[in-house]
Number of protein chains: 2
Amino acid sequence: MPRRSAAEAEKTRESIVARAVDVASLEGLEGLTIGRLAGELDMSKAGVIGHFGSKEALQVAALEQAADVFRREVWDRAAAQKPGLPRLRAIAGAWVSYLERDVFPGGCFLTAASCEWDGRSGPVRERVAGTMDLWLGVLAREAREAGMDDPEQVAFELNAIAMGLNQRLQLHGDREAPGRARTAMARVLR
Amino acid sequence: MPRRSAAEAEKTRESIVARAVDVASLEGLEGLTIGRLAGELDMSKAGVIGHFGSKEALQVAALEQAADVFRREVWDRAAAQKPGLPRLRAIAGAWVSYLERDVFPGGCFLTAASCEWDGRSGPVRERVAGTMDLWLGVLAREAREAGMDDPEQVAFELNAIAMGLNQRLQLHGDREAPGRARTAMARVLR
DNA sequence: CCTACCGATCGGTAGG
DNA sequence: CCTACCGATCGGTAGG
């Protein structure tokens with residue numbers, strides 16, 4: 001088989017990561033297997049793992065890609081709003097919408113990853129924790145900008161509501177849940 | 001090796017389930033392996049799986065045991081209170097305490113299981129969903145008894161807050177989170 | 001409840 | 001990026 005150009009290799013790598021994100025959102029980052037990925041992409045296992053070096057590095061790449069998607073779907077849609085309450089309200093709306101639209105086939109990747117990795121150790125767990133910390137920090141910063149009493153409390157509650165919504169959607173297909181989440185978030189931001 | 005009495009066999013079965021619950025709370029029900037369990041219990045794999053017939057049946061047994069623990073730690077501690085708001089407030093307190101005390105080594109078993117199985121199908125998933133539905137139904141019933149406007153909204157929000165607390169405890173060891181959860185639950189129950 | 005074993009699959013590597 | 005292969009482990013079974 002001919003070696004591919006750097007550009008072609010990059011495209012292949014991206015397609016591997018994209019598939020890894022979808023599989024992992026349904027079955028977890030640990031449930032991801034190189035052999036299955038290879039089968040679905042019509043590649044050899046060596047061809048898949050060669051782009052990353054180890055399963056752990058592939059897991060990290062999938063996590064980074066998922067965080068990029070979250071940022072694009074939630075933060076980017078709200079970033080044009082004025083800092084503080086207007087932006088927080090836009091974030092809340094985009095967040096619920098992101099969950100409602102099933103951007104990942106298995107629901108929120110970050111929530112799933114945090115549940116899967118909160119009892120383990122190593123680079124994947126650290127990256128999950130860091131990503132969540134970063135996001136809660138963003139929320140708290142906006143709440144502070146809005147002059148709210150307890151910005152960390154606001155960040156805590158918004159995040160909790162999003163997790164609750166994700167569970168109701170994924171586990172029960174509860175179509176009333178997005179409305180409940182909007183109501184709860186609006187009360188927190190009142 | 002001599003066959004054991006029925007009572008001894010039952011004790012062995014219980015010790016297997018207890019260990020399975022601990023392992024699964026840290027690494028998930030799918031991460032559970034018969035070989036590892038056998039090694040930790042100084043048994044053969046056949047001896048372990050013989051009590052259940054399949055890994056799936058072992059997963060279901062672990063889930064049932066975990067639900068029993070949750071009921072004992074949260075519901076039973078509040079059941080003596082008057083139905084309605086007093087009981088809901090007792091449930092909220094016991095729930096936060098249950099998470100704070102790390103009753104399972106890896107945090108709330110039910111939350112972990114719901115994240116792990118919400119993208120899969122089969123008996124384990126159905127049982128996780130049923131258990132969650134049952135619990136949210138209990139919460140809604142108490143909120144209705146308390147005469148609250150929207151009992152399902154109360155159930156949704158309490159559950160969300162518990163999930164958010166579990167994440168902060170497990171992923172970040174955040175010692176302020178229990179207080180935040182109490183504050184948020186109190187506001188929902190105001 | 002054990003030993004001994006089954007086929008399948010795991011992550012990963014050598015060499016091209 | 002492939003073929004061919006490594007040792008380890010997977011869930012599970014036969015037979016006692």
Side-chain angles (χ1 to χ4, degrees), chain A residues 1-21 23-24 26-63 113 116-117 120-125, chain B residues 1-21 23-24 26-63 113 116-117 120-125:
Chain A
M1 280 288 146
R3 275 191 178 67
R4 313 299 168 82
S5 72
E8 282 174 316
E10 180 55 27
K11 275 185 63 177
T12 301
R13 190 195 141 101
E14 281 170 15
S15 72
I16 297 169
V17 173
R19 180 65 61 124
V21 167
V23 171
L26 285 163
E27 305 180 19
L29 279 166
E30 203 57 56
L32 210 55
T33 75
I34 296 159
R36 171 178 174 179
L37 233 39
E40 291 185 6
L41 293 164
D42 279 317
M43 294 174 62
S44 66
K45 292 201 303 174
V48 169
I49 202 60
H51 285 275
F52 306 93
S54 70
K55 178 175 176 177
E56 192 173 69
L58 168 58
Q59 291 171 321
V60 168
L63 184 58
E116 185 181 8
W117 291 86
R120 310 182 186 212
S121 56
V124 178
R125 180 221 157 88
Chain B
M1 280 285 146
R3 274 190 177 70
R4 313 297 169 84
S5 73
E8 282 174 317
E10 179 55 27
K11 274 186 63 177
T12 302
R13 190 194 141 103
E14 281 169 17
S15 73
I16 297 169
V17 173
R19 181 65 61 125
V21 167
V23 172
L26 285 163
E27 303 182 19
L29 279 166
E30 203 56 57
L32 210 56
T33 76
I34 297 160
R36 172 178 172 179
L37 233 37
E40 292 184 5
L41 294 162
D42 279 317
M43 295 175 61
S44 66
K45 292 201 302 173
V48 168
I49 202 60
H51 285 274
F52 306 94
S54 69
K55 178 175 176 178
E56 192 173 68
L58 168 59
Q59 290 171 323
V60 168
L63 185 57
E116 184 179 10
W117 292 86
R120 309 181 187 211
S121 56
V124 178
R125 180 223 157 88

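Computed over heavy atoms, backbone and side chain alike; hydrogens, waters and symmetry mates excluded. Residue numbers begin at 1 in each chain, while the letters A, B, ... track the order of the sequences.
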Practice task
Ignoring hydrogens and angles, answer whether the base of dG12(C) and the side-chain atoms of Lys55(A) contain a donor-acceptor pair closer than 3.5 Å.
Solution key: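 Per atom types, no contact qualifies.
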Across the strands shown, which category fits [X] at heavy-atom distances under 4.0 angstrom: base, sugar-phosphate, nothing?
X	value
Ser44(A)	base
Ile34(A)	sugar-phosphate
Leu32(A)	sugar-phosphate

Please give, in whole Å, the distance from [N] [atom2] to [X] [atom1]?
X	N	atom1	atom2	result
Asp42(B)	dT3(C)	CG	P	11 Å
Ile49(B)	dC5(C)	CD1	C1'	17 Å
Glu8(A)	dC2(D)	CD	C1'	16 Å

Exercise for the section: State whether the side chain of Glu116(B) and the backbone N or O of Leu29(B) hold a donor-acceptor pair below 3.5 Å, judged by distance alone. Expected result: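 Yes, Glu116(B) side chain to Leu29(B) backbone: donor-acceptor pair under 3.5 Å.
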Any side-chain heavy-atom pair of [X] and [Y] under 4.5 Å:
X	Y	answer
Leu58(B)	Ile16(B)	yes
Val17(B)	Phe52(B)	yes
Glu8(A)	Lys11(A)	no

Problem - Under 4.0 angstrom between Thr12(A) side-chain N/O and dC1(D) OP1 or OP2 - result: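 It does, given that an N or O in the side chain of Thr12(A) lies less than 4.0 Å from OP1 or OP2 of dC1(D).
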